[in-house]
Amino acid sequence: MSANPEPRDPAGETLLSAAELEARLQQIGRERYHSLHPFHKLLHGGRLNRGQVQAWVLNRFYYQSRIPIKDATLLSRCEDLELRREWRKRIEEHDGWPAGAGRERNEGGIERWLVLAEAVGLPRDYVVSTEGLLPATRFAVDAYVHFVREKSLLEAVASSLTELFAPKIHEERIAGLLQHYPFANERTIAYFKRRLKEAPEDVKFGLAYVIREARTRAQQEQVLAAVRFKTDVLWAQLDALHHAYVEPGHVPPGAFVPEGPQEWQASA
Ligand SMILES: O=C(O)c1cc(C(=O)O)c2c(n1)C(=O)C(=O)c1cc(C(=O)O)[nH]c1-2
């Protein structure tokens, strides 16, 4: 008999320790994160042409644009002051803020993404309009916002935890873009550089929150399911891009159609 019997929740179910819960989250990342998707391998390996990179930047903008809306949705449901205080930073990171009150101006992640969009040759207004979006991008990203609106606060916080795995993909992307594409430079990849610093801070809080607040095994399973759901949201976006712009190349009606020379020019 062990001196320390396994901790159980009020329903008599075995509780995962903090380390076990985190290990299961990491396993989800290893098995399901979109870093494994063939589209990302092509992107980071320099094997996408101009139109394919444009399609990625254009579609991914929709994800960027909904992140602060999803975070505002979470905030609007939240009665916990500490959680609100911490979470509102996320909206600021993406939306930015003007100079003042002792802070330097921060143009914000959305603006940094638009700098990238212009660098790959997309008109800013067209990107912001979301007109050329793939329908599946819209459905997948909207599903994330709906999830955060409708599920428990615990699941809503947990769904952000794919960011545990984001710094690694951002590092791969920074190196891959700089190595292979003429549009890539310190200014145009600033979005990813900044996320390298922001994401670990965000995720530290989110992880501690779910470890603390998931008090039953059922809640711990909900946390894991929320992260699996989120990996599906991310994966589905790349499936749609691959289907439309790599193979078989079926661009849905109304979606962005690349124009002009598809090889990269030195001056991009
Ligand atoms: O480039 C990526 O692979 C990637 C993935 C994710 C993610 O895992 O959801 C985010 C980001 N980037 C990102 O830049 C970001 O700001 C972000 C916020 C969130 C979120 O769920 O709140 N995920 C992500």
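Keep in mind that this is a model prediction, so the values were computed, not measured. In each ligand, atom 1 is the first atom listed, and ligand 1 is the first ligand listed. All values below come from the heavy atoms of this structure, side chains included, with hydrogens, waters and symmetry mates left out. All residue numbers refer to positions in the sequence shown, counting from 1.
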- Query: Got the residues with a heavy atom under 4.0 Å of ligand 1, by chain and number?
  - Reply: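 Around ligand 1, where the cutoff is 4.0 Å for heavy atoms, the contacting residues are Tyr33, His34, Arg60, Tyr63, Ile67, Lys70, Arg90, His94, Tyr144, Ser160, Thr162, Glu163, Ile169, His170, Arg173, Tyr191, Arg195, Lys230, Leu234.
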
Cation-pi geometry met for [X] and [Y] (6.0 Å, 45°):
X: Arg138; Y: Tyr62; value: yes
X: Arg90; Y: Trp87; value: yes
X: Arg103; Y: Trp97; value: yes

- Message: Once side chain to side chain contact (heavy atoms under 4.5 Å, CB included) is applied, do any residues pair with Pro123, and if so which ones, sequence neighbours excluded?
- Response: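 Partners of Pro123 under the side chain to side chain contact (heavy atoms under 4.5 Å, CB included) test: Tyr126.
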
- Set of side chain to side chain contact (heavy atoms under 4.5 Å, CB included) partners for Glu259, sequence neighbours left out: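 Here no residue qualifies.
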
- Message: Just to verify, what does Glu13 make a salt bridge (Lys or Arg N to Asp or Glu O under 4.0 Å) with, not counting sequence neighbours?
- Response: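 Glu13: no salt bridge (Lys or Arg N to Asp or Glu O under 4.0 Å) contacts found.
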
